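Working notes for the structure below.
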Amino acid sequence: MKAQAESAFFELLKDDKKIFDFLMDFGGGGIVFFPNLYENDCYLSPRAADLEEISSRNMSKAAQKLREDYAAFQTENIPVIDKLVFSHESGLLMERFVHVMLRKRENKTALSMIIGIKDTSESDKKRRQSYKEAFANSERFKRSIVGALPDLVIHCDHTGRYLDIVNYKPEKKLIYDKAEMVGKRVSEVLHDGTGLKIEEAIRKSVLSQKLEVVEYKLLIKGRVQYFEARIVPYKKNEVIALVRNITDEQEASIKLTRTKEALQQTNEMAMVGFFEHDFLENRSYWSKTFREIIEDSNSAPDLSLTMERLSFADSKDGIYVLFESLKNEKKDRLTREIQIRTYKGRTKWVKCTALAEYHKIRCVRFFCTVQDITQQKKTEQEQEQLITLTKRQNDQLKNFSGIVSHNLRSHTSNLKGLIDMIREDHPDFSKSEMFTYLGEVSENLSDTISNLEEIAKFTLDSNNELDRISLGKIVAKTITQVKILAEQAGIEIINLVPESVHVDGVPAYLDSIVLNFLTNAIKYRDTDKQSYVKLFSTVKGPYTVFNIEDNGLGIDLDRHGDKLFQLYKTFHRNNDSKGIGLFITRNQIESMGGHVEVKSVPGKGTTFMVFFPKVSRSASRNEG
């Protein structure tokens with residue numbers, strides 16, 4: 001059977017060129033080949049079978065276990081790195097990293113499995129021995145090795161006195177030339193305690209006859225640079241120090257540390273923690289912030305305990321459901337908001353973003369960030385409650401407004417009816433001053449109720465949807481409505497708004513806005529000059545601006561500007577002024593997402609500027 005497996009291996013090697021590349025990259029320690037992934041027959045290359053540390057029997061056993069795992073998962077990941085555990089002849093367990101390739105041969109349904117074993121330590125020993133021999137006998141090899149060394153090779157005695165210095169990288173020259181350093185002690189050249197630190201390491205190396213590593217920093221040309229000196233015993237009471245400039249590595253490390261610290265601080269401020277579980281090693285980890293979120297500072301991290309902490313009460317519907325969803329939906333990332341109960345019994349909401357790492361369709365690692373969103377959830381709930389309460393109160397207010405309006409209108413109608421009856425039955429009494437005053441009060445009361453009813457109807461109506469409307473058509477239509485009034489007043493209306501100008505709005509509101517501004521311009525015209533009102537549109541930033549300009553009486557904005565749009569505020573002695581038109585107009589404009597501005601000079605005229613947000617593409621296509 002072994003011969004058949006060997007024959008199948010070389011046949012596959014001949015047919016599939018990619019296998020040769022795989023063997024060159026990953027087969028340095030030997031090859032185990034299974035012609036059929038679902039059968040035990042295998043071929044071991046001589047190097048795999050002759051491993052000194054591992055018997056071929058144990059090699060086959062470990063390889064068979066790996067084959068069974070792959071057969072069970074029925075995967076075709078190519079290539080895959082894995083780890084095999086072999087039994088040493090002494091009874092100890094040993095690990096070898098291997099690479100796996102699964103190949104399907106042409107016209108064959110079965111998968112073949114090739115296991116490439118990492119090169120053995122014995123080969124490493126032989127290679128190191130050949131390097132030593134080459135270094136001793138080959139000047140060229142010696143130069144190659146030295147060329148790969150760090151910046152300086154320094155020869156010192158046991159007191160730290162420089163005996164020789166070789167600078168193989170002149171572009172990285174240090175502080176002094178060789179002539180200035182040889183014969184002096186390190187502490188005489190490097191001050192601020194650095195030299196003493198290196199001399200102490202030299203003495204330790206001489207006494208222990210072992211490697212000593214010391215790191216230090218120097219200020220060179222205004223820049224702090226970092227160095228590493230690896231000090232090894234050489235001859236009696238002498239050492240060799242290999243000095244390497246590690247500034248780039250150190251600065252990168254410092255930058256990474258600062259980034260990690262900044263990230264940690266950011267996570268702590270945002271209350272974002274994380275946990276992970278490694279299923280291969282059955283090991284869990286909890287971050288500091290995660291412990292703060294679950295209010296458990298002492299428990300040892302454990303997967304079952306994590307599931308318990310990230311669930312509500314005794315249920316398992318928290319992180320467990322997220323983990324199951326991740327597996328069932330075949331995704332590598334999912335986010336859920338979960339309600340939990342902490343170790344101290346407090347209820348919290350957390351936002352979990354989970355990531356899973358799979359190997360051969362098996363989850364080998366589970367990582368999850370956890371953010372405390374309790375306050376955010378509380379705010380959302382309060383907003384929902386407020387919206388519900390406001391809607392209920394608004395509905396109640398609408399009902400109340402309707403009832404009050406109906407009852408008041410009934411009373412005023414009755415009052416007016418009684419006054420008419422008295423006027424008809426007692427004509428002499430109706431001519432009295434008191435009766436006349438009573439009639440005026442009744443009329444004013446009726447007008448006030450009508451105005452308040454109109455204001456209430458607009459204020460409580462919040463269900464208006466915006467349509468795409470031609471402002472030019474609205475203006476033209478409204479001008480027709482006031483044409484006779486304008487001619488009687490001798491005022492010229494100049495319309496410069498084209499029909500192509502559109503705004504997002506409520507048709508009834510736009511009619512009311514244009515009509516109110518036009519009638520105001522007519523009402524507050526200056527009778528001592530030829531009056532006009534000019535309507536035109538402009539664009540200003542994200543707004544379409546509707547301008548109403550007149551040369552009428554004008555308004556003293558310094559005196560009345562802050563009261564201009566308030567209810568029942570009037571600024572001219574005009575008997576028709578009620579002080580509700582501009583109040584309603586401004587609210588109509590703002591309800592459509594716009595705002596109104598005004599410029600005015602007493603005696604010269606007024607310009608109102610209505611800012612409408614530019615037409616959105618999502619608005620309906622009603623042309624108005």
Side-chain angles (χ1 to χ4, degrees), residues 416 439-440 443-444 446-451 453-455 457-458 467 469-503 505-538 545-555 564-565 568-589 592 596 598-610 612 622-624:
K416 188 175 183 301
E440 293 176 354
E443 290 293 335
N444 291 338
S446 180
D447 290 343
T448 299
I449 292 172
S450 297
N451 293 336
E453 187 177 12
E454 184 178 355
I455 293 170
K457 180 182 178 182
F458 164 75
D467 294 320
I469 303 169
S470 169
L471 180 62
K473 289 183 178 181
I474 293 288
V475 171
K477 181 178 68 173
T478 309
I479 290 174
T480 302
Q481 296 175 3
V482 300
K483 182 177 180 181
I484 296 177
L485 182 62
E487 289 177 352
Q488 291 175 347
I491 187 169
E492 181 185 7
I493 300 178
I494 306 169
N495 180 19
L496 301 178
V497 182
E499 292 187 0
S500 59
V501 176
H502 288 73
V503 296
V506 179
Y509 287 2
L510 285 174
D511 285 340
S512 174
I513 291 167
V514 177
L515 180 61
N516 190 56
F517 281 127
L518 275 177
T519 54
N520 275 355
I522 295 172
K523 186 185 303 182
Y524 301 113
R525 67 190 181 280
D526 189 342
T527 57
D528 294 334
K529 56 187 174 185
Q530 178 61 46
S531 299
Y532 73 87
V533 56
K534 182 166 64 174
L535 310 173
F536 60 97
S537 64
T538 57
V545 186
F546 173 44
N547 301 267
I548 306 95
E549 175 189 315
D550 66 54
N551 64 340
L553 298 176
I555 304 170
L564 188 59
F565 296 98
Y568 294 131
K569 298 296 181 180
T570 59
F571 314 103
H572 298 287
R573 296 177 181 177
N574 190 313
N575 295 331
D576 294 335
S577 299
K578 299 178 181 179
I580 68 169
L582 287 180
F583 172 81
I584 293 177
T585 298
R586 185 191 65 176
N587 281 274
Q588 289 172 331
I589 293 169
M592 295 185 293
V596 59
V598 60
K599 295 188 297 185
S600 186
V601 178
K604 292 188 177 181
T606 302
T607 300
F608 286 95
M609 296 158 285
V610 182
F612 294 103
N622 181 5
E623 295 298 324

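As the structure is a prediction and not an experimental result, all values here were calculated from the model.
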key: Lys477: partners by salt bridge (charged side-chain N to carboxylate O under 4.0 Å, His left out), with sequence neighbours left out   = Asp511
task = Could you check if a side-chain atom of Leu535 sits within less than 4.5 angstrom of a side-chain atom of Phe546, using non-hydrogen atoms only?
result =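 Sidechains of Phe546 and Leu535: in contact.
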ask   = Side chains of Leu518 and Thr478: closer than 4.5 Å at any heavy-atom pair?
value =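 Counting from C-beta outward, Leu518 and Thr478 do come under 4.5 Å.
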request  = Take Ile474 and Ile469 through the side-chain contact (heavy atoms from CB on, under 4.5 Å) test and state the conclusion after the steps.
outcome  = CA-CA 8 Å; Ile474 293 288; Ile469 303 169; 3.8 Å; yes
ask   = Is the backbone of Gln530 close enough, under 3.5 Å, to the side chain of Asn551 for a donor and an acceptor to pair up by distance?
value = yes
task = Check whether any side-chain N or O of Ser531 sits under 3.5 Å from a backbone N or O of Thr527 as a donor-acceptor pair, and report yes or no.
result =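 No.
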Interatomic distance, [X] atom [atom1] to [Y] atom [atom2] [nearest 0.5 angstrom]:
X      : Y      : atom1 : atom2 : value
Leu515 : Asn520 : CG    : CG    : 9.5 Å
Ile548 : Phe536 : CD1   : CZ    : 9.0 Å
Leu471 : Lys473 : CG    : NZ    : 12.0 Å
Ile513 : Asn587 : CD1   : CG    : 10.5 Å
Asn516 : Tyr509 : CG    : OH    : 14.5 Å
Asp526 : Tyr532 : CG    : OH    : 12.0 Å

task = Determine the sole option in Asp550, Val533, Leu485 for which the side-chain contact (heavy atoms from CB on, under 4.5 Å) test with Ile522 is passed.
result = Leu485
request  = Decide side-chain contact (heavy atoms from CB on, under 4.5 Å) for Leu510 and Met592; before the verdict, give the C-alpha distance in whole Å, the side-chain angles of both, and the deciding distance to 0.1 Å.
outcome  = CA-CA 10 Å; Leu510 285 174; Met592 295 185 293; 4.1 Å; yes
Please tabulate, for side-chain N and O atoms in residues 598-605, each donor-acceptor pair with protein atoms closer than 3.5 Å (sequence neighbours left out).
from, atom 1, to, atom 2, distance (Å)
Ser600, OG, Ile555, N, 2.7
Ser600, OG, Ile555, O, 3.4
Ser600, OG, Gly605, O, 3.2
Ser600, OG, Thr606, OG1, 2.7

Lys483 atom NZ, neighbour heavy-atom count above 12 within 6.0 Å = no
Solution key, residues 486-500 side-chain donor-acceptor pairs under 3.5 Å, sequence neighbours excluded:
from, atom 1, to, atom 2, distance (Å)
Asn495, OD1, Val497, N, 3.0

